[in-house]
Structures are given as structure tokens and as C-alpha cells.
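Down below is the structure, laid out as C-alpha cells.
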Amino acid sequence: MENVVKINKEVSIVAYYFKQGIKRLRCYPKKMEWSGKTIIFSEQGLRHPTKKGQRMIHVFDMTDGNTDYRLEFDAEQLTWTLVYVADQAYGPLKDEFQATHLNAVQGAS
Amino acid sequence: MQLAVPDGRVTMRSLELPINRANPEVMHIDLNSCFATVEQQARPLLRGKPIGVTNRLTKNACVVAASYEAKAKGVKVGMTFSDAKLLAPDLIMLETDPPKYHYVYQILVDIMRSYSPNIVMKSIDEGIINFEGTSMINQRPLEEIGYEIKHRLKKEVGCWMTCNIGIATNRFLAKTAASLHKPDGLDVIDHRNLRPVLSKLELTDLSGIAERNQARLNACGIYTPLQFLDAPVDLLRRQVFKSICGKDWYKRLRGWEVDDWQSSIKIVGRQYVLDDMKPSDELLRSRLAYLCETTAMKLRYKGLCARGIYIYLVYDSGDSWYERRMFKSTFFSNGEVHRRATLLFNRRPHHDWVRLIAVSCYKLAPSNMNQVSLLEEVNREVWLTQAMDEINHQYGEFTITYASSLDAKSTVKQKIPFGSTRYFELLLNRA
């Protein structure tokens with residue numbers, strides 16, 4: 001299966017969750033509706049800002065445990081775009097690589 | 001201890017400078033396989049899998065970062081994609097994504113700055129914190145701060161991020177300490193454990209000693225880092241390195257700081273290896289225009305102008321050709337760099353296919369863009385450049401660009417700058 005499938009379509013994010021960052025509470029997408037499917041994200045990979053000219057874009061790399069998704073939030077237009085889906089061939093995400101497990105291991109050490 | 005020198009003389013060890021017995025206050029932080037780890041952080045399904053990061057997804061592109069899983073299978077940085085695939089058939093290759101790395105870089109800088117104002121980023125993924133003079137603020141042991149930095153990196157970037165930390169009295173030993181236990185290690189080198197640590201290393205494990213320097217040392221009877229440490233300064237200066245470098249190594253190995261200097265920019269340029277095996281003249285000129293444009297952008301980004309320009313070509317046969325010229329007037333605009341580079345480029349030999357083009361500007365001086373000229377055409381050029389830069393800054397790089405280099409914009413990708421992070425912000429605008 002193709003490692004990365006480009007989509008570049010606007011999607012609806014219908015649920016969010018919040019996570020305490022170092023300085024402030026951070027918001028992440030939880031549930032996405034895309035071409036008749038509902039995808040529930042189980043973990044965030046990385047959130048990073050980028051710019052298109054002076055427009056601020058927030059990039060979210062998310063996973064539902066079976067596929068990785070890249071979403072972009074345009075802070076000016078307030079729109080969500082699904083940029084690509086990736087790594088479907090490598091799922092499901094093993095327990096040992098999940099954030100909950102990794103954080104628990106780190107906490108124990 | 002006695003050391004033999006090539007002419008048969010034997011010199012006694014002379015310890016003119018003692019080992020630095022001060023408290024270690026230099027911390028070196030190195031993100032483990034940075035680009036690969038950041039990719040695995042962003043895409044959780046790639047965790048635990050051998051991945052390589054490259055600038056272009058072509059079989060001859062080289063691996064710029066490999067995950068630890070790939071390294072375990074023998075994949076090394078610098079290998080071509082096809083060679084790496086032979087060693088690890090399940091290797092997953094990804095293309096670089098500079099904004100991601102810049103985000104991690106900024107977080108690392110923020111973390112480091114929160115401990116000391118004296119920080120130096122050596123590259124995108126490694127930096128140095130000098131704790132000298134901060135004892136009133138940081139009263140905890142540096143090891144404790146080191147573990148806190150590791151924890152903060154995981155919390156602020158993600159749970160997959162790891163870094164190596166080395167603590168010592170100078171930058172060189174701190175870097176050596178950071179490379180002792182990879183990944184996710186934390187080591188301290190001070191006067192108490194310097195000899196035991198060096199006794200476990202090879203000469204080439206030392207940062208700055210590769211095959212050539214190793215051969216120089218071997219030629220003077222130095223085969224181990226301990227012998228290197230014990231070598232007298234005269235031997236290193238007069239016979240091994242035959243320069244001041246010998247004295248620097250003598251101090252460096254004893255924990256004294258010699259690397260806390262910053263070089264000024266002497267040359268600004270770009271180069272590109274052509275993707276087409278038989279490039280037409282039109283294609284070459286398009287790439288040249290692009291390189292000139294980005295070189296001029298770099299100049300202006302650093303507030304510089306140049307007087308000299310240098311063109312370097314490598315041909316398919318391996319032959320190379322270069323030409324350089326100094327001009328009376330300084331230049332900084334895209335058009336001027338392109339015009340002057342074209343003058344030299346037109347003089348190139350046409351005997352073979354060109355494989356690589358490089359454009360560099362030298363004899364740099366602070367930019368005189370703010371100085372209004374008596375000549376109207378000079379002022380026009382400055383105003384046009386400023387207006388163009390402003391529009392490109394507002395709407396994204398290359399919103400206004402030269403038609404001649406239009407084709408190159410989609411093909412030539414901005415690379416990750418290794419070593420220096422001088423142009424990182426500029427690169428990101430273009431990425």
C-alpha cells in the first residue's frame with residue numbers, strides 16, 4: 001500500500017480534546033468526518049505551526065491507531081484540511097509505542 | 001611515559017598545562033537521530049520501524065538521518081537510498097519536512113535559554129549551554145538539570161523524543177560525553193574520570209579526528225586517545241599538526257576551552273546537483289537563475305552585499321571549471337547577482353554535460369541598501385528589491401519571481417542546512 005496518500009480536502013472536525021501544555025491548555029482534534037466516515041483519533045503525534053506567507057497554519061499529525069493523518073488548521077480562514085493519510089500498511093499501533101505506555105515507562109524510571 | 005617520534009628521538013612527556021580541575025559547567029545537548037525521531041514522533045505508526053530521511057525520494061539521494069532501528073541494520077547517514085535498501089529491505093524513506101524540525105529546534109532553544117543566557121546552537125539538533133556564572137540561579141547539580149531537560153523535551157515535543165547530554169569543563173569533552181551512551185544517555189567527564197573515559201575510546205571516536213588526523217597521529221606514534229592526552233605540546237604542534245591546531249588539541253583534551261569563537265560570514269552561496277543527465281542550455285540557465293535568486297536572498301537576509309562572484313561547475317566526466325571576478329561596485333539584488341553570474345557562466349567550456357552548478361558571492365560587506373544614492377538607477381533598483389521582498393514576505397517566497405527561474409521553483413527543493421543554522425528562518429519561509 002502507498003505510504004502516503006495525498007488528499008488535500010477540507011474536512012469537518014466535530015469534536016476536540018484539550019491537553020495541558022507547558023504554558024497553556026492546547027486543543028487537539030478528536031473526531032473527524034471525511035467522505036462519509038467518522039474517524040476518532042487516539043493519539044497526537046506532533047503539532048507544529050507553519051506559515052504560508054503571513055497566514056498562520058497549525059499542522060496536526062494525528063493517528064487513530066491504524067492510519068496516520070496530517071491535518072492543517074488555517075488560523076485565518078478557520079478551516080481544517082486533511083492533507084494526507086499515511087502508514088496504513090504499518091498499523092495497528094503497538095501498545096509499546098503508544099504515548100500512554102511511553103509516558104508510564106518514563107514516569108517509572 | 002615515553003613517546004617515540006618518527007626520526008627516532010624519544011621525548012619525555014611534558015605536562016606544561018594540568019588537566020582542568022574546575023567544576024564541569026558546559027552542557028552539550030544532542031537530539032538522537034533528530035529528523036528520524038521527529039518523524040517517528042509525528043507519525044506514531046512508524047515507531048519501532050527502520051526509517052530513513054532524505055532530501056529527495058530518488059534512488060541516488062542520500063540518507064540524511066536514520067532511525068536507531070535502521071542504524072541497527074547497518075544503515076548509515078550519507079548512504080544512498082539504494083544502498084540502504086539493500087541492507088534494510090523494509091526501510092521506509094521519508095522526505096525532509098523543515099517546519100517540523102524548526103519547531104523542535106525552537107523548543108530546544110527555549111528550554112536551553114531557560115537555564116542560561118549563554119547558549120550556542122551548533123546545528124539544528126545540537127546545542128551548548130554554558131552554566132558559568134549562573135550558580136546563583138541554578139543551584140542544583142547539572143546532572144539533575146540534564147534529566148529535567150530530557151523530561152521537558154518529552155513533555156513539550158512528544159513522548160518519543162530523546163536526547164543525549166554530556167557535561168564537562170569544555171565543549172569538546174561535553175560533546176564526547178554526549179556520545180558515550182546513545183541513545184538517551186547522560187554522562188559527565190571531569191578530571192576524575194577523564195583518563196578512564198578516554199581509555200575506552202578510539203582516536204576516531206573523538207570529534208574532529210577522522211582518518212587523516214588519525215594517520216597524522218599514528219605517524220608520530222600516537223595510537224590511542226590516552227597517548228594523545230599524554231603527548232607533549234611541542235610534539236603535537238611541531239610534528240603532528242604542524243600548526244596552532246596542535247596546541248589547541250593539547251588544551252582541548254585537558255578540558256580547557258578553545259572552541260568558544262564564532263566565525264564571521266566570508267562567503268554566501270548555493271549549489272545544485274542537476275537531476276537531468278543531459279541538461280539543455282535552457283535548463284542550466286533556469287537553475288542558474290534560481291541559484292542566483294536564492295543567493296541574493298541569503299545576502300539580504302544577513303544584511304550584506306558582495307563585491308565578488310564565483311561560479312563553479314562540475315561536469316559528467318568529473319572535470320570541474322570555475323571562474324571568479326571582483327567588481328568595483330557592490331551588489332545585493334537578485335537581478336545584479338544573476339547578471340554578473342551570467343557574465344561568468346557564458347565563458348564556461350561546452351565539452352561535456354554539466355552535473356553541478358554552484359554560485360557564491362564573496363568580499364562581503366554590510367549592506368548599503370539604506371543609503372540613498374546620488375544615482376537614480378541605483379535607487380530604483382534598491383526600491384524595487386525592497387518592494388519585492390516585502391510582497392514575498394507577506395504572501396510567501398517566490399510570489400514575485402523571475403520568469404527565467406520559474407521552472408526551477410517546483411524542482412529544486414530547499415535542503416536542510418547542516419552545521420550552521422544561520423539561514424534557517426529564511427529556509428522555512430521557502431519550505
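Per chain, numbering begins at 1; letters A, B, ... match sequence-line order.
Within 6.0 Å of CZ on A:Arg55 lie more than 12 heavy atoms contributed by other residues, nucleotides or ligands. With a 6.0 Å radius and a threshold of 12 heavy atoms from other residues, nucleotides or ligands, A:Tyr17 has its OH atom above the threshold. Remark: A:Lys31 NZ is loosely packed, at most 12 non-hydrogen atoms of other residues, nucleotides or ligands lying under 6.0 Å away. By the neighbour-count criterion of 12 heavy atoms within 6.0 Å, atom CD of A:Gln77 is densely surrounded, having more than that number from other residues, nucleotides or ligands.
Of all residues in residues 56-65 of chain A, those placing a non-hydrogen atom less than 4.5 angstrom from a non-hydrogen atom of chain B are A:Asp61, A:Thr63, A:Gly65.
Residues forming a side chain to side chain donor-acceptor pair (under 3.5 Å) with B:Asp184 (at least two apart in sequence, or on another chain): B:Lys150. Residues satisfying the salt bridge (Lys or Arg N to Asp or Glu O under 4.0 Å) test with B:Asp90, not counting sequence neighbours, are B:Lys73. Here A:Thr38 pairs with nothing under the side chain to side chain donor-acceptor pair (under 3.5 Å) rule; sequence neighbours left out.
For B:Leu94, the part sitting under 4.5 Å from any heavy atom of chain A is the side chain, from C-beta outward, and nothing else. Contacts between A:Arg70 and chain B at a heavy-atom distance below 4.5 Å involve the side chain alone, from C-beta outward.
In this structure, NZ in A:Lys94 is found 13.5 Å from CZ in B:Arg47, a value given to the nearest 0.5 Å.
Contact count versus chain A (heavy atoms, under 4.5 Å) is highest, among B:Gln394, B:Arg43, B:Gln40, B:Lys154, for B:Arg43. By number of non-hydrogen pairs under 4.5 angstrom with chain A, the leading residue of B:Val157, B:Asn392, B:Leu45 is B:Leu45.
Nearest heavy-atom pair, A:Asp68 versus B:Pro44, reported as atom, atom and distance to 0.1 Å: OD1-CD, 3.5 Å.
Counting heavy atoms from C-beta outward, A:Pro49 and B:Tyr103 have side chains that approach closer than 4.5 Å.
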